[in-house]
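In what follows, every chain begins at residue 1, and chains take the letters A, B, ... in the order their sequences are listed. On a predicted model such as this, the values are computed, not experimentally measured, just so you know.
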Amino acid sequence: MAETSLPNIEQKWQKVWDAEQAFAATMDTSRPKYYVLEMFPYPSGRIHMGHVRNYTLGDVVARYKRAKGFNVLHPMGWDAFGLPAENAALERGLHPAGWTYENIEMMRGQLKSMGLSYDWDREVATCAPDYFQHEQKMFLEFLKAGLAYRKESWVNWDPVENTVLANEQVVDGKGWRSGAPVERKQLSQWFLKITAFADELLEAIEGLDRWPDRVRTMQHNWIGKSTGARLSFSIDDEKHDKIEVFTTRPDTLYGASFIALSPNHPLTLQLAAEHSELADFVSECNAIGTSEAAIEQAEKRGFNTGLFVEHPLIADKKLPLYIANFVLMDYGTGAIFGCPAHDQRDLDFANKYDLPVLPVVCPSDETADSFTITDTAYTGPGKLINSGPWTGLDIEAGKAKAIEALAAENIGRAETTFRLRDWGVSRQRYWGCPIPIIHCDACGPVPVPDEQLPVELPEDVTFDKPGNPLDRHPSWKYVGCPSCGKDALRETDTFDTFFESSWYFLRYIDPTSDRGFSPEAAAYWMPVDQYIGGVEHAVLHLLYSRFFMRALSATGYLTLDEPFAGLMTQGMVCHQSFKDSDGNWVFPTEIEKRDGGWVKIADGTPVEAGRVEKMSKSKRNVVDPEHIISAYGADTARLFMMSDSPPARDLEWTESGVEGAHRFISRISRFAAAAEKIDDFVSIPKADEVSKEALSLLKVTHRAVNDIGIDIDRFAFNRCVAQFHMLTNAISDFKPETDSDKHVYAHALGRLAIVLSPFSPHIAEELWAALGGTGLVTNAAWPEIDDTFLVDDAVTIAVQVNGKVRTKIELPVDCAAEAAEQAALALPEVEKHLAGRTPKRVIVVPNRIINVVG
RNA sequence: GGGGGCAUGGUGAAAUUGGUAAACACAGCAGACUUAAAAUCUGCCGCCGUAACAGGCUUCCCGGUUCAAGUCCGGGUGUCCCCACCA
């Protein structure tokens, strides 16, 4: 094993960094800042490999930028509210707060053992009143500004647990825990008006040029802007209101054959009141949950009301009015016109209920007479047909004409609709931030006055019954109305935990401010220069945070639109999974290789190697970082994480890969153990004063330092590790003899220590100290590069004949094209492969390639 | 159903953005050291040829542009992810 115990070395340097407060950040407007942030963890109890990868990625960037002279802010904290704490309370009788804080203690210790360059003085836990009081205040400011409101909305309701379920918690239409069929129910909920910024959020995606394209597209699609028209249809009995419809295809209006309303449309409810069969139909529709699976299985059904509406453009044409289960109340106007020829869903519906199918768009290779629709709707390009005055127009012109015509008749206009809906933030949960509202019979919902903030959670709560403990607490919710003084009730819902994560990066910049954060700190530190985390937050957290910046700007907290200038989404950490003969997942520690196959150590029964999958407890393919760190050290774990896969891609955890990384770290520690202290090894030796071998090592060294810097900037950390190996191999191969050689040798090792320190900082410190380096390598500036070492005087380039590489030739750098051409044509291989033909053309790309075309 | 990513040796990958495909590692093989093993060091390692050269083939498949394609364009296959009765 290693000469000196690596874990001891690591603890030693961690103590030194602590004692020197090496990573404390202070605001200094005279220096350029760099804010590096990793998505903060939920304190589940122990760190996992995904955390190790995420935080190592961030630490490499933070330490590199520090070496490059930036005033780096690199904080860490805890996304501490959430359901698992309540489950622990339910299952093990622990209080959520105690459980959470214990987990934080545990995980902080684990993170510290990784040697991450955090400024721990800025640590934040979102469940602390000192944190959430500021978001209660923000919410009240949003309320004042009209960016928060209360509304009845449809939710998934679990009738056994008496609580709202998120869509993710509904499995096959049933509650994930209770197994009870989920109901749709209307509930009064608080909403944040994210739709007020829909257009802005969409347009600003364009400017997020340091975000991954796929995240940008996901947000783009999520916001889902549709342009079209809103138009109204009159019911021919004149008793009822007009029906407003949104469509993206106003050009197909002449092909309309029915109108369908959502089961929750106001008119539907009005009709259902007089019509018991319809009322039954509506409740059937609502019994089906809102989950994906439920929707997919649900058959498209309609209810014919017997009423007719007038076609707005064709005199005397009447369209039947249906209630249809596939029409959503939440999107558009909750009503559609069906044009079966050009919409698959409308066509299915029309065929089922025997409604006419009239094509009004015809592809260019068909004619109006021959073109028919049977069971596949036509959604492609073409010319309008059967469309009165619009016949002959193309689709886009048809849309414009249609909007013009509707406007002229005063029955419609152009309209834009978004898929994005306002953010419902109410949760019927205990372990969350209380919503600072008091409900008074006389005054309605009244904001909790500033001087009564924060509204804290009561500690004496019970989890023995389903439902919200806050709601059944004996006294907590009974308060006087702040406005009239009469008996009133506290809001017992708490905020969605995405509320906390939408602004935590602002708390880090000014963690003791009594207003959450100061505009001055925000002006200096924001935006986050580099944000790193999992792609699973591509939409929710990253979109909510973007909204929050705009809402906070609108309420005078700061002036900033975009919180994260750069975003890096890392891939998952995967591992081989195993199943035994009974099909149960087996831990890798329970098995061994025998005769080329896997067997259980315990009883020798065969085990089948499954797929390489994301590490997860259920598949038993997790590896605990703590074991790896105690067995190999943090430097090894960190280096391995950066080694093979580029950050954005999935990384497969392999034991042999870890051992490879550990061999490298051990190799460095042998260099450190054998190092001689040389005065002034940092200074760059002169090219003309060193031996040929030493010069070549200097070239490798300066090239490596140069390339590593470039590769860190572009997140090619796996290439950096390759550079470490090449540099180390070159150093190993060099046998210093003279004093000048020793200087070069120490110089190369010193450069290695600096460039390795973002990745494996402990061993880098050890090496630096062994060489006699001044101060900490953690504080060392990124090395200067002597450009003269980056250029060679000769290059070997490939010579092609008719596009195939036939030989190589060594030429002086920047050799003139004519000379290169002459040299190439003189080569015997070229002559041979030309086989007597005269070269028609010779392409010379200087320092790259020569291609002889013959 | 809609949108997006990815596809390169036995494996993870690299390729200066259109210019020598396979850097660096993992695994494997052979050797040195050792009583032996581990560790360490040295060498080999895309495929088909060959005694060895020479050749030929090769970046999922088919086609195109180009002196030149892993890279660009068109079509297809596989795979993963996101969204999904969105009018």
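Between A:K832 and the phosphate of B:G55, there is a side-chain N or O to OP1/OP2 separation shorter than 4.0 Å. Residue A:H220 places no side-chain N or O under 4.0 Å from the OP1 or OP2 atom of B:C83.
Where RNA chain B pairs in unbroken runs of 3 or more (Watson-Crick or G-U, both distances under 3.5 Å), the stems are B:1-7 with B:77-83, B:10-12 with B:24-26, B:28-32 with B:40-44, B:46-48 with B:55-57, B:60-64 with B:72-76.
For the P atom pair drawn from B:G19 and B:C85, the interatomic distance equals 45 Å after rounding to whole Å. To the nearest whole angstrom, the two P atoms, one in B:C26 and one in B:C41, are 10 Å apart.
By the ring pair (Phe, Tyr, Trp, His ring centres under 6.0 Å) test, A:W423 is found to be paired with A:Y544, residues two or more places apart in sequence or in another chain being considered. With sequence neighbours excluded, the residues satisfying side-chain hydrogen bond (donor to acceptor under 3.5 Å, both in side chains) with A:R546 are A:Q219, A:E562. Every residue two or more places apart in sequence or in another chain was checked for a ring pair (Phe, Tyr, Trp, His ring centres under 6.0 Å) with A:H220, and none qualifies. A:F734 pairs by the ring pair (Phe, Tyr, Trp, His ring centres under 6.0 Å) definition with nothing, not counting sequence neighbours. Among residues two or more places apart in sequence or in another chain, the salt bridge (charged side-chain N to carboxylate O under 4.0 Å, His left out) test is passed with A:D330 by A:R421. With sequence neighbours left out, A:K225 forms a side-chain hydrogen bond (donor to acceptor under 3.5 Å, both in side chains) with A:D199. Qualifying ring pair (Phe, Tyr, Trp, His ring centres under 6.0 Å) partners for A:F349, counting only residues two or more places apart in sequence or in other chains: A:F258, A:Y322, A:F326, A:Y353. Residues satisfying the side-chain hydrogen bond (donor to acceptor under 3.5 Å, both in side chains) test with A:D650, not counting sequence neighbours, are none.
Residue A:S226 has its side chain nearest to B:A87 when only B:A15, B:G19, B:A87 are considered.
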What's touching nucleotides 72-77 of chain B from the protein side, N or O pairs under 3.5 Å?
none

Under-3.5 Å N/O pairs linking protein and nucleotides 3-7 of chain B:
from : atom 1 : to     : atom 2 : distance (Å)
B:G3 : O2'    : A:N221 : ND2    : 2.9

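Applying the 3.5 Å distance criterion, the base of B:C26 shares no donor-acceptor pair with the side chain of A:R663.
At a non-hydrogen distance threshold of 4.0 Å, A:K804, A:V805, A:R806, A:K808 from residues 802-815 of chain A come into contact with RNA chain B.
A:Q723 comes within 4.0 angstrom of nothing in the nucleic acid, heavy atoms only.
Nearest-nucleotide assignment on RNA chain B puts the 5′-proximal partner with A:R714, out of A:E829 and A:R714.
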